[in-house]
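Side chains are part of it too, since the values below use all heavy atoms of this structure and drop only hydrogens, waters and symmetry mates.
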Amino acid sequence: MKKVYELLVKISDIVFMVEKWILLAAVIVAVAVNFLNVCLRYILNSGLNYCETLSICLFMFMVVVGSNIAAKTDGEIKIEIIKFKDTRKNSAYRLIADAVSIAAIIFCIIGIKDTIASVSMYPQKVTPLPIYTYHIYMVMAVGFVMTLLDHIIILICHAMQAAGIEVEGGCKTS
């Protein structure tokens, strides 16, 4: 189990580095496009017709990548009602939340898969650019799969901690 865990952590760390650069690029593009659009509106009294929808698509993309980064860095919003001082007991208790999170993500992936199949039958453009609605749902599906990977890593980490196995990286030991 520890070898699988270490392999998943390595994969997740590589994805994490790529995500940070992609997120930075998306923010830069969104700011640049909106700044250009504002300048064109004030100077030429005419803006780019695709900026608003492109900004929304980029924002959705940033949310998907950001949610995975939040899962990876244990930055998700959560309320801990019960927290044990003993790491083993706390990890055993957190397995319940991990299982619920994984189940919810799997249900979302199933729903997104069906949505992509439905939307792909009648493609609709979202912007004047060649971005269709199914592209956005595909990005969401990839984001859910990446988040699922990190939640599986956290589940394995908590299971190993609950079993008394020393774990480095991958999840918080609190």
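No continuous path of ILVMFWY side-chain contacts below 4.5 Å connects I14 to L8, so the two sit in separate hydrophobic clusters. There is no path of hydrophobic side-chain contacts, each under 4.5 Å, that joins I56 to F35. Hydrophobic cluster membership differs between V38 and V27, with clusters built from Ile, Leu, Val, Met, Phe, Trp and Tyr side chains linked at under 4.5 angstrom. Hydrophobic clustering, with ILVMFWY side chains joined whenever heavy atoms are under 4.5 angstrom apart, groups I153 together with L7. By the rule that hydrophobic residues join a cluster once side-chain heavy atoms approach within less than 4.5 Å of another member, W21 and L58 end up as members of separate clusters.
Partners of R41 according to the salt bridge (charged side-chain N to carboxylate O under 4.0 Å, His left out) rule, which considers only residues two or more places apart in sequence or in another chain, are E52. Residues satisfying the ring-ring contact (aromatic ring centres under 6.0 Å, His included) test with Y134, not counting sequence neighbours, are Y132. Residues satisfying the side-chain contact (heavy atoms from CB on, under 4.5 Å) criterion with A159, sequence neighbours excluded, are L95. Scanning for ring-ring contact (aromatic ring centres under 6.0 Å, His included) contacts around Y93 gives F84, with sequence neighbours left out. With sequence neighbours left out, the side-chain contact (heavy atoms from CB on, under 4.5 Å) criterion links V65 to E19, L23, F61, I69.
When all heavy atoms of A30 and M62 are compared, the pair lying nearest together is CB-CE, 4.0 Å. Residues C57 and I131 approach most closely at SG-CG2, 4.3 Å, considering heavy atoms. The minimum heavy-atom distance between V64 and G143, with the atom names listed, is CG1-CA, 3.2 Å. Nearest heavy atoms, A162 versus S91: N-CB, 3.8 Å.
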Donor-acceptor pairs under 3.5 angstrom involving side-chain atoms of residues 96-120: please list them, not counting sequence neighbours.
from, atom 1, to, atom 2, distance (Å)
D98, OD2, H158, ND1, 2.5
S101, OG, A97, O, 3.0
T115, OG1, G111, O, 2.8
S120, OG, I116, O, 2.6

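The distance from the NZ atom of K72 to the OG atom of S67 is 14.0 Å, given to the nearest 0.5 Å. Rounded to the nearest 0.5 angstrom, Y5 OH and I154 CD1 are separated by 8.5 Å. In this structure, the separation between CG on N90 and CZ on R94 is 6.0 Å, given to the nearest 0.5 Å. Note that CD of E6 and CD1 of I156 are 11.5 Å apart. Values are rounded to the nearest 0.5 Å. The line from SG of C157 to CG of D150 is 12.0 Å long, rounded to the nearest 0.5 Å. Summarising the geometry, atom CG belonging to L149 is positioned 7.5 Å from atom CG belonging to N68; distances are rounded to the nearest 0.5 Å.
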Checking L40 against S46 for the side chain to side chain contact (heavy atoms under 4.5 Å, CB included) test, could you report, in this order, the C-alpha distance in whole Å, the side-chain angles of both residues, the deciding distance, and whether it holds?
CA-CA 6 Å; L40 288 174; S46 174; over 6 Å; no
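Side-chain contact between T133 and P123 is absent, with no heavy-atom pair separated by less than 4.5 Å. Residues M146 and V15 form a side-chain contact, since some pair of their non-hydrogen atoms from C-beta on lies under 4.5 Å apart. Taking 4.5 Å as the limit, some side-chain heavy atom of H151 sits within range of a side-chain heavy atom of T147.
Proximity of a side-chain donor or acceptor of N37 to a complementary backbone N or O of V33 within less than 3.5 Å is not detected.
The 12-atom threshold is exceeded at NZ of K2, counting heavy atoms of other residues, nucleotides or ligands nearer than 6.0 Å.
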